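Report on the following structure.
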Amino acid sequence: MTFDQSVADEVCRRIANGESLRKICGPERDDWLPGQNTIYNWLADNDEFAKQYARARELQADSYADEIVDIADAAKAETVNEARLQIDARKWAAGKLRPKVYGDKVAVGGADDLPPIKTEDVSAADILRARLDEIAGR
């Protein structure tokens with residue numbers, strides 16, 4: 001299938017709304033939509049579509065974040081484990097799609113409120129000797 005901007009727009013719209021490419025372009029897809037390999041080829045051959053697709057993926061992360069609140073609000077005592085699984089999956093996906101927004105925050109050394117890291121030159125023999133002393137009760 002040759003590139004079609006209206007089809008590309010629909011694929012990106014659906015991705016931005018939280019659907020997976022596998023669902024949109026998989027075996028159960030609408031007849032007029034291309035398969036996944038066609039989308040991958042379009043991405044490789046068309047820089048504008050690649051930018052549009054990347055933006056749709058960012059919006060997909062936002063959609064997942066919105067769904068998390070809805071899932072949590074709708075959870076009942078008997079469905080809490082199912083809700084937790086759905087929330088965890090969406091948190092993971094959102095964190096991968098937009099790591100700067102939804103990814104895990106990692107503290108990096110050098111912050112004013114953290115003490116400096118102290119290092120000492122210790123050999124393996126020193127560690128072994130200290131452990132043997134500890135075992136011997138010395």
Side-chain angles (χ1 to χ4, degrees):
M1 177 179 213
T2 59
F3 181 78
D4 181 325
Q5 187 62 53
S6 64
V7 172
D9 291 344
E10 177 65 12
V11 168
C12 288
R13 182 191 67 75
R14 290 171 67 172
I15 286 172
N17 285 326
E19 285 186 63
S20 70
L21 183 62
R22 179 179 299 247
K23 183 176 180 184
I24 298 166
C25 297
E28 303 296 318
R29 70 180 181 269
D30 294 332
D31 291 339
W32 59 277
L33 288 171
Q36 284 181 278
N37 287 339
T38 298
I39 297 298
Y40 295 142
N41 289 334
W42 289 0
L43 288 169
D45 297 339
N46 186 318
D47 289 340
E48 287 304 311
F49 175 57
K51 289 177 189 174
Q52 180 184 9
Y53 184 86
R55 181 65 183 137
R57 285 294 190 179
E58 289 177 352
L59 293 171
Q60 185 180 43
D62 295 338
S63 178
Y64 289 158
D66 287 343
E67 285 180 18
I68 288 170
V69 175
D70 295 339
I71 293 166
D73 287 346
K76 305 288 184 232
E78 61 275 4
T79 63
V80 74
N81 285 333
E82 179 182 339
R84 185 176 292 121
L85 177 63
Q86 291 173 335
I87 288 169
D88 286 348
R90 283 160 179 78
K91 282 173 29 181
W92 179 86
K96 297 300 179 190
L97 291 167
R98 289 192 80 179
K100 289 182 181 177
V101 177
Y102 301 111
D104 293 332
K105 306 295 187 247
V106 178
V108 178
D112 294 336
D113 59 341
L114 296 175
I117 298 172
K118 296 180 183 179
T119 60
E120 298 177 21
D121 290 330
V122 180
S123 70
D126 292 336
I127 295 170
L128 180 59
R129 197 173 5 265
R131 182 67 181 129
L132 289 172
D133 286 345
E134 182 181 314
I135 292 170
R138 294 185 243 167

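Keep in mind the model is a prediction, meaning the values are calculated, not measured.
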Contacts of type side chain to side chain donor-acceptor pair (under 3.5 Å), residue [X], not counting sequence neighbours:
X     : value
Asn17 : none
Thr2  : none
Arg29 : none

>> Suppose we screen for side chain to side chain contact (heavy atoms under 4.5 Å, CB included). Which residues come up paired with Lys23, at least two apart in sequence or across chains?
In response: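 Partners of Lys23 under the side chain to side chain contact (heavy atoms under 4.5 Å, CB included) test: Glu19, Ser20.
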>> List the residues meeting side chain to side chain contact (heavy atoms under 4.5 Å, CB included) with Ala61, not counting sequence neighbours, and say none if there are none.
In response: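 Here the qualifying residues are Ala94, Leu97, Arg98, Tyr102.
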[X]: partners by salt bridge (Lys or Arg N to Asp or Glu O under 4.0 Å), with sequence neighbours left out:
X     : result
Arg55 : Glu58
Asp30 : Arg14
Arg57 : none

>> I need the full list of side-chain hydrogen bond (donor to acceptor under 3.5 Å, both in side chains) pairs touching residues 37-49, with sequence neighbours left out, sorted by first then second residue.
In response: Gln36-Tyr40
Side-chain donor-acceptor pairs of residues 82-89 under 3.5 Å, sequence neighbours excluded:
from  : atom 1 : to    : atom 2 : distance (Å)
Arg84 : NH1    : Asn81 : OD1    : 2.9

>> Per the salt bridge (charged side-chain N to carboxylate O under 4.0 Å, His left out) rule, what does the pair list look like for residues 65-78, sequence neighbours excluded?
In response: Glu67-Arg90
Do [X] and [Y] land in one hydrophobic cluster if side-chain heavy atoms of ILVMFWY residues count as linked below 4.5 Å?
X     : Y     : result
Trp92 : Ile68 : no
Val11 : Leu59 : no
Tyr64 : Ile71 : no

> Is there a side-chain contact between Trp32 and Asp4, using heavy atoms and a 4.5 Å cut-off?
Replying inline: no
